[in-house]
Every structure is written in structure tokens, then in C-alpha cells.
Amino acid sequence: MRLPRLRPSRRLPGPRSLAGQLFAMQVVLVAAVVLGCAVFAYVSAGRQAEETARRQATAAATAVADSPAVVAAARTKDPTAALQPYSERLRRDAGVDFVVVMAPDGTRWTHPEPSAIGGKYLGHIGPALRGETFAETHMGVLGPSVRVVAPVRDPGRGGRITALVSSGITVATIGQQLRDQVLAPAGVAAAALALGGLGTYVVNARLRRHTHGMNAAELARMYDYHEAALHAVREGLLMLDGAGRVALINDGGRELLGLTGDAVGRPVAALGLPEPLTGALLAPGPTVDALHLTGERVLVVNSAPVSGGQRRGRVVTLRDHTELQALSGELDSVRGFAEALRSQAHEAANRLHTVVSLIELGRAEEAVTFATAELELAQALTDRVVGAVAEPVLAALLLGKAAQANEHGVELVLTEDSRIDDGVIPPDLPARDLVTVLGNLVDNALDAAAPPQGHGDPPQVRVTARADGGELLLCVVDNGPGIAADTTEEVFRRGWSTKGCDIEKPAAGARGLGLALVGQAVRRHGGTIRLDRGPEGGARFTVRLPLRAAEGVPR
């Protein structure tokens, strides 16, 4: 059994695009306007033609009625012989279709059709017999016509009405004149309709390109999704026009950039952002995962120009990298601790083998002396750090950095005046920020003081951590080569590094970010940071952080 062949269902046509709908509406509107104007012009021209014909007939009728020759012919027994040539000549000269001279009883004396002479006039003559000149439209021998009837008065008979004159133009003649007059406006109307349709098509073709052929429902739905996406996305989204002004920004972008008020329409350069970040937002080329600092955040910036044949602007996305950067710093510290523990385990194994060998050689006293000397040295450093710094996070950081410095051949010294008692650091000064500040300063100092040095002094880094007078003082001094005086302001900008990082390429790796994070953390808590020359020629970083919330400083 053969199965019936299925026919594909016909797809229902969807709604026309917005450009198509506007095109149809505009064409109908233009056609209605043009046709309305054409009809108005036709009606006006018809009325004007009829009024012109009436005035023309009135002039001809009154001229005949006032002619002495007509008065004289009306006195004769055969008025037709004198009046027929006269009326025909006047009809041709006046441009009317007929001039009829008749007796007061309506008997025609003249007519363009000779056969109609002697017949009764087809029309009204009552008002003319009363001495009035009137106009009417009536059916006559030549067809319907617009005619004027005037009385002929005989002055010799006391103004008696001795004859009547009717002059008129047929409706057919008026229609032909009207067609001749309307032909030119009709051509103009057709040309206007064609030009209007062509202009509408060009405008709507451009609109179709800009709306990508979507209809009104699709555009409305896209706008709703667009608004919902802007408010739902937690990442920052920033759109710039070709002039570098903010065309659109979502809630996440306002929060990440710290903008208040309406930023739409403002130039990026006027938003008060750091100069490197402003340069990245206005850069002509694409930007991929570039790290930039604001007053309180570390942002990952990605940007790309809007595709098109002209410079339309840029789209920028912003991600908050602050927490991840802090975790990365802590991870680096943990790695340092692990490396220090590995080094200490290796050294401990060497010392243990040395002690065992001394015992096997029968030098027990020397083995005890060697072992206790190493234990006393390690314990002295631990007791010194723990006794001076009661904050456990800072104490652990300093012990780890001491082991790391020892591995790199640098002596880390905690000054005698260091003192941080337990409970002095308030909760609004988190330990994470202290690790960021002190850890990055010590790391830079270790890199600067690491051998080989240009002088003969042993490499050394001196750390001061003191809580006194309502503020926390953190001072890190090294005896390295120091920092040039002309780069003092550049040190805390992203991209500057003691490790030879290229300032012009700050996105290359994580170099050049530590001191920038230090400056950011210090400013966030209302503190100050100062860089000057140390007593031994190296660099000295001095950080002062208030231990009580400063008025007007956000926590």
C-alpha cells in the first residue's frame, strides 16, 4: 500500500519589517496627499472655469443688449436679417457658443443653428422680462449650457423691453477647457507622486539597513532583553561613541568605575578616572585582559572597536579583579612560605647530618654546641618577631619573609622600636590589606637588596612596624642601589617595577602591579605613603595608616 505523499506546510508570512511598514504607510500617505491636492485642484479649476464662462457670457449678452443696432433691428418687421450676421460675428469674437436674440415672448430671431430660428427659446425668461440680467444652467438646442439672459430696452419707447438676448457656453466646451487646464497639474501630481515614492523608498532602504530588517515587535523585544541584560550582568559594560563620549553604561560599570550621577553623554576624559585607565578606554585598537587600577579596585579591561565602515565607537567590558588579585598576593606569600620551608628543611637535613657525624666521631660536646647554636638563632628570631608584633598575620608574614630573605642571601632585620600590641589594629583595617602593603614592600626591598651589590656592605632589609599615636607605621628600608629622584612619582603607577618591566607594556605579566596595589590600599584607608632615600643609600618606604576611621574616608 502506498502511503500518501506529505506536502510541506506553507509557512505563514510573518509581520513585515519596520522599514517595510513605514514604507507602505508613507507611500499611502504621499498618494493620499497628492490625490487630494489633485482633486482639490480639479474641483477648483472646474468652479473657476464655470465662473469664467458665466462672466464671458454676461459680457457678451450685455454688449448685445446695449447695442443701438439691436434696438433698431427690433423695431423692424424682419429682425433676423440684420441680427443673424451680427450675432454670429459677435459670437465668434466673444468666444461663446451661442448668442440668441429673441422677442419678448421667447421667439428666436437669431441662433447658431439656422433651423432653430423662429422656435421658442428653451429656458427661463421671466426675470429678464422684469428687467433683470440673470444667469442659469439649462438644457438647450446645443446641449446643457451656462447662459446669461439680458433685456434690451428701447430708449425711444420710454425704456420699454423690446427684445431679449441670451449668450452662453455649453458644458461640453467648459469641460474641454477644464481638461486642458487640468492636464498640466495632473502631470505635476504624477511626477510628485513618483518622486515622493522614490524618496520614501530611499529613506526606508537606509532604515532597513539600520534596523537589519526587523519588525516593530522584534525591535521592542530586543530592547526589553537589552534592558534586562544590562541590569542583570554584574560585569561592567561601557559603550563609547566615535567622539569618545559615553553612549551607554550599565549598573555594574557605574559601580566598578565609581561614577555618580548620569554619565551618559559625558566624555571619558571628564569622568575623573586614572590616566592609564582613560587611555585604555580611548585606545584605537582592541584591548585584551589589561589590568588597571581605580581608586579602590583592580579592573580587567577588554575593549574592541564597533565594526562598521566608519568610526562608530567602542565596546568596553570591565571585571573586578580586586579580590582575585588579593588572593593572588596571598598565594604568592604562601608560595614564599613553602619555598622557605623547603629551604629550611634542606638546611635542617644538612645540620642534622652534621650533628650525627660529630656524634659518630665521638665529638658529642661539639655536636651539642652546634645544634644549640642553630636552635638559639632560629628561636631568637621567632621570639623577636612574636614578641614585637602581636598581630598573628603580620608576625607570620615577617617570619616567612625572613626565611625567604635568608634563602636569597639577604638579612631581614626587625628594628628595636617595632611594637604592635594585641587588639590595636581596628576591624576596619583588615589583615589582608596589611599583607598587601607590607608584603609587596618587603618583596621589592628584597629584590633591590639581593646580591650582587655595587658596595661591600652585606645585603640588608630593615622593617619597622609600630602602632603609636593613633596610627600604624610601616617602614621598609633596603641598602640597594636606590630609586632615581625623577621616578619617585612613577613608582606607584601601574607598570613601574624594580624588575625591569616595560612601562609601555603594563599588561605583560603581573610585573609592575605590587607598588600600585600598595598605593591603592593606603589611599583606600586614608593613609599616606612616602618614598625617600635611606641612610645607606637605598630606598625607604614609609606608610602611615590611621588606626581610627578618618572622617569622610570610606571603609
Side-chain angles (χ1 to χ4, degrees), residues 42 45-183:
Y42 179 81
R47 292 178 180 176
Q48 184 177 4
E50 185 176 352
E51 181 64 25
T52 301
R54 185 177 293 108
R55 289 198 300 267
Q56 191 174 357
T58 301
T62 55
V64 173
D66 293 339
S67 173
V70 174
V71 174
R75 296 173 183 171
T76 64
K77 294 182 179 181
D78 187 12
T80 301
L83 294 178
Q84 178 68 12
Y86 171 75
S87 62
E88 285 297 304
R89 184 173 63 253
L90 183 61
R91 178 182 66 82
R92 290 191 296 270
D93 294 341
V96 295
D97 289 333
F98 63 88
V99 175
V100 176
V101 182
M102 69 192 83
D105 61 355
T107 302
R108 301 190 193 94
W109 291 339
T110 65
H111 198 278
E113 295 289 340
S115 60
I117 296 175
K120 288 293 184 180
Y121 175 73
L122 301 178
H124 301 91
I125 60 175
L129 293 176
R130 293 193 296 269
E132 300 178 6
T133 301
F134 71 97
E136 67 173 350
T137 300
H138 200 275
M139 174 66 72
V141 176
L142 301 179
S145 60
V146 175
R147 59 184 64 182
V148 175
V149 181
V152 178
R153 296 180 182 273
D154 189 349
R157 296 181 180 181
R160 180 183 175 184
I161 298 176
T162 58
L164 301 176
V165 178
S166 177
S167 176
I169 301 176
T170 62
V171 174
T173 302
I174 296 175
Q176 182 62 41
Q177 294 176 353
L178 179 61
R179 285 190 292 272
D180 294 340
Q181 294 176 0
V182 172
L183 183 60

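Checking side-chain atoms of T110 against main-chain N and O of V101 turns up a donor-acceptor pair under 3.5 Å. At distances below 3.5 Å, at least one donor-acceptor pair connects side-chain atoms of Q84 with backbone N or O atoms of H111. Looking only at distances, a side-chain donor or acceptor of Q56 sits under 3.5 Å from a matching main-chain atom of G95. Between the side chain of R108 and the main chain of A116, a donor-acceptor pair closer than 3.5 Å is present.
When all heavy atoms of M139 and R147 are compared, the pair lying nearest together is C-NH2, 3.8 Å. The shortest non-hydrogen separation linking R153 to G159 is NH1-O, 3.2 Å. Heavy-atom minimum distance, A57 versus V146: CB-O, 4.4 Å. Taking each heavy atom of L90 and A60 in turn, the nearest pair found is CD2-O, 4.2 Å. Between W109 and T162, the closest heavy-atom pair is CH2-O, 3.9 Å. When all heavy atoms of G118 and T107 are compared, the closest pair comes out as O-CG2, 3.7 Å.
Counting non-hydrogen atoms of other residues, nucleotides and ligands closer than 6.0 Å to CZ of R160 gives a total of 12 or fewer.
Within the 4.5 Å cutoff, the side chain of P151 has heavy atoms near those of the T133 side chain. Between D105 and K120 there is a side-chain heavy-atom pair separated by less than 4.5 Å. In this structure the side chain of L164 reaches within 4.5 angstrom of the side chain of L129, judged on heavy atoms. The closest side-chain heavy-atom distance from S167 to V99 is below 4.5 Å.
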Q: Given side-chain contact (heavy atoms from CB on, under 4.5 Å), test V64 with V152 step by step and report yes or no.
A: CA-CA 8 Å; V64 173; V152 178; 5.9 Å; no
